[in-house]
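We number each residue from 1, following the sequence as shown.
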Amino acid sequence: MMDGYIAITGGIGSGKSFVCRLLEERGISIYDCDAAAKRLMRTSPTLRRQLERLIPGSTSPNTAAGSLDKAVIARFLLASEENARAIDDLVHPAVARDFKRSRLQWLESAILFQSGFHHRVDFSHIIAVTAPQEVRLQRVMARDGISHEKALEWMARQWPEEEIVKLADYVIVNDGIQPLQPQIDAILGSLSM
């Protein structure tokens, strides 16, 4: 039996969600930080009030759950690094609390280090999923139907892969060449010791 919380992270296009699906096929439930953040922004009355105070006009009180004005939030978020941090300072504590209440042990977060989320939860082990930049670019372009330039721009907003790897306890190389299952087996074997 594994002890503590385990995080899976990696840059855009690294294939961390695919690795998480392989783990889920083995019966491991994984908390998706991105999906949880979106859900909490829609459903948490406290978080919605905080967002409305930070970004007036970002929420609509006229519907049962209240809808978010994604364009207003996106404009605020992209306007500055300080704005992005201000949103993170509201959303990430709510996600960390929700994760702990979920009773799940595994968590997936694309910006685990960049956001400082690894300081909000005491992770016993961190797994980084990596892939060569060109592979990542091709995956993102195909998945999202965007240009090479736009994919590069998105990647530039995240931490360099080398920095993520330095802080990780384990690395899974998802380059489309090295088989994933043996890498997963080795990590799971090490975690269960």
[X] vs [Y] side-chain heavy atoms within contact, under 4.5 Å:
{"X": "Phe76", "Y": "Ile87", "result": "yes"}
{"X": "Arg120", "Y": "Pro93", "result": "yes"}
{"X": "Asn83", "Y": "Ile55", "result": "no"}
{"X": "Arg97", "Y": "Arg101", "result": "yes"}
{"X": "Tyr170", "Y": "Ile8", "result": "no"}

Atom pair CZ/CZ of Arg49 and Arg53 - distance to nearest 0.5 Å: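 It is 7.0 Å, given to the nearest 0.5 Å.
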
Nearest-0.5 Å distance, CG of residue Leu23 to CD1 of residue Ile172: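 Rounded to the nearest 0.5 Å, the CG-CD1 separation comes out at 6.5 Å.
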
Are [X] and [Y] within salt-bridge range, i.e. N to O under 4.0 Å?
{"X": "Glu163", "Y": "Lys166", "answer": "yes"}
{"X": "Asp34", "Y": "Lys38", "answer": "yes"}
{"X": "Arg39", "Y": "Asp98", "answer": "yes"}

Check: Glu108 side chain, Thr9 main-chain N or O, donor-acceptor pair, under 3.5 Å: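 No, because the side chain of Glu108 does not come within donor-acceptor range (under 3.5 Å) of the backbone of Thr9.
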
Where [X] and [Y] come nearest, the two heavy atoms and their spacing:
{"X": "Ser58", "Y": "Ile73", "result": "CB-CG1, 3.7 Å"}
{"X": "Asp88", "Y": "Ser115", "result": "OD2-CB, 4.5 Å"}
{"X": "Phe99", "Y": "Gln105", "result": "CZ-O, 3.9 Å"}

Candidate pair Ser29 and Glu24, rule side-chain hydrogen bond (donor to acceptor under 3.5 Å, both in side chains), full reasoning: CA-CA 6 Å; Ser29 297; Glu24 287 172 340; over 6 Å; no

Distance-only check: which donor-acceptor pairs under 3.5 Å involve side-chain atoms of residues 121-137, not counting sequence neighbours?
from	atom 1	to	atom 2	distance (Å)
Glu134	OE2	Gln138	NE2	2.9
Arg136	NE	Ile12	O	2.9
Arg136	NH2	Ile12	O	3.2

Audit row: Leu107, Leu112, side-chain contact (heavy atoms from CB on, under 4.5 Å) steps and yes/no: CA-CA 10 Å; Leu107 171 143; Leu112 184 76; 4.2 Å; yes

Flag if over 12 foreign heavy atoms under 6.0 Å of CD, Gln181: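 More than 12 heavy atoms, drawn from other residues, nucleotides or ligands, come within 6.0 Å of this atom.
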
CZ/Arg26: more than 12 non-hydrogen atoms of other groups inside 6.0 Å: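 Yes - once you tally the heavy atoms of other residues, nucleotides and ligands closer than 6.0 Å, there are more than 12.
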
Criterion side-chain contact (heavy atoms from CB on, under 4.5 Å) on Tyr31 and Cys33, from CA distance to verdict: CA-CA 6 Å; Tyr31 183 93; Cys33 279; 4.2 Å; yes

